[in-house]
Amino acid sequence: MVILVKTFFIRLLVVLTLLAVLIFLGWWQRDWVIVFLDKHFYEESQQVCIYVLERISKDAEPIMLNGFCHIGQLALVSEAKTRLQDYSEL
C-alpha cells in the first residue's frame with residue numbers, strides 16, 4: 001500500500017513538472033506561437049472568434065463580429081511582431 005502511494009505521488013510529480021515546463025515554454029515563446037497561428041490558421045481562428053462572440057452576444061450583427069475579431073487579431077499579431085523585433089535587436 002505504501003509503495004502504491006509513493007509511486008502515485010512520484011508519477012504525479014513527474015506529470016506536474018512536465019506540465020509546468022510546457023506552460024513555461026508556451027508562455028516564454030507566446031509571440032512565436034501567435035505569429036505562427038496567424039500565418040497558418042488565420043481563417044480558422046477568425047471563425048472560432050466569431051463563433052464564440054455569437055454565443056456571448058446573440059443579437060450582434062455578423063459584420064460587427066467579423067470586424068471586431070479582425071481588429072482584435074490584427075492588434076494581437078502586430079504587438080507580437082513588434083516584441084519579436086525588439087527582442088531580435090538586443
**Request:** State which residues pass side-chain contact (heavy atoms from CB on, under 4.5 Å) with Leu84; sequence neighbours excluded, sorted by chain then number.
**Result:** Asp31, Trp32, Val35

**Item:** Closest non-hydrogen atom pair, Glu44 against His40
**Value:** OE1-O, 4.2 Å

**Message:** For Leu53 versus Cys69, what's the shortest heavy-atom pair and its separation?
**Reply:** CD1-SG, 3.5 Å

**Prompt:** If we ignore angles and hydrogens, is there a donor and acceptor under 3.5 Å between the side chains of Asp59 and Ser57?
**Reply:** yes

**Modelled atom types, side-chain donor and acceptor of Asn66 and Gln46, under 3.5 Å** = yes

**Request:** Report the residues that fulfil side chain to side chain donor-acceptor pair (under 3.5 Å) with Ser78, sequence neighbours left out, ordered by chain and then residue number.
**Result:** none

**Candidate pair Leu65 and Glu61, rule side chain to side chain contact (heavy atoms under 4.5 Å, CB included), full reasoning** = CA-CA 6 Å; Leu65 297 176; Glu61 295 290 325; over 6 Å; no

**Fill in**
Interatomic distance, CZ@Arg11 vs NZ@Lys6, rounded to 0.5 Å, equals 13.5 Å

**Item:** Expected output: side-chain Ser45 to main-chain Tyr42 donor-acceptor under 3.5 Å
**Value:** yes

**Message:** Over 60° means perpendicular and under 30° means parallel, so tell me whether Trp28 and Phe24 are parallel, tilted or perpendicular.
**Reply:** parallel

**Item:** Fellow cluster residues of Leu12, listed by chain then number, with links counted only when side-chain atoms sit under 4.5 Å apart
**Value:** Val5, Phe8, Phe9, Leu16

**Item:** Whether Gln73 side chain and Asp38 backbone form a donor-acceptor pair below 3.5 Å
**Value:** no

**Message:** Atom CD1 of residue position Ile3 - does it have more than 12 heavy atoms of other residues, nucleotides or ligands inside 6.0 Å?
**Reply:** no

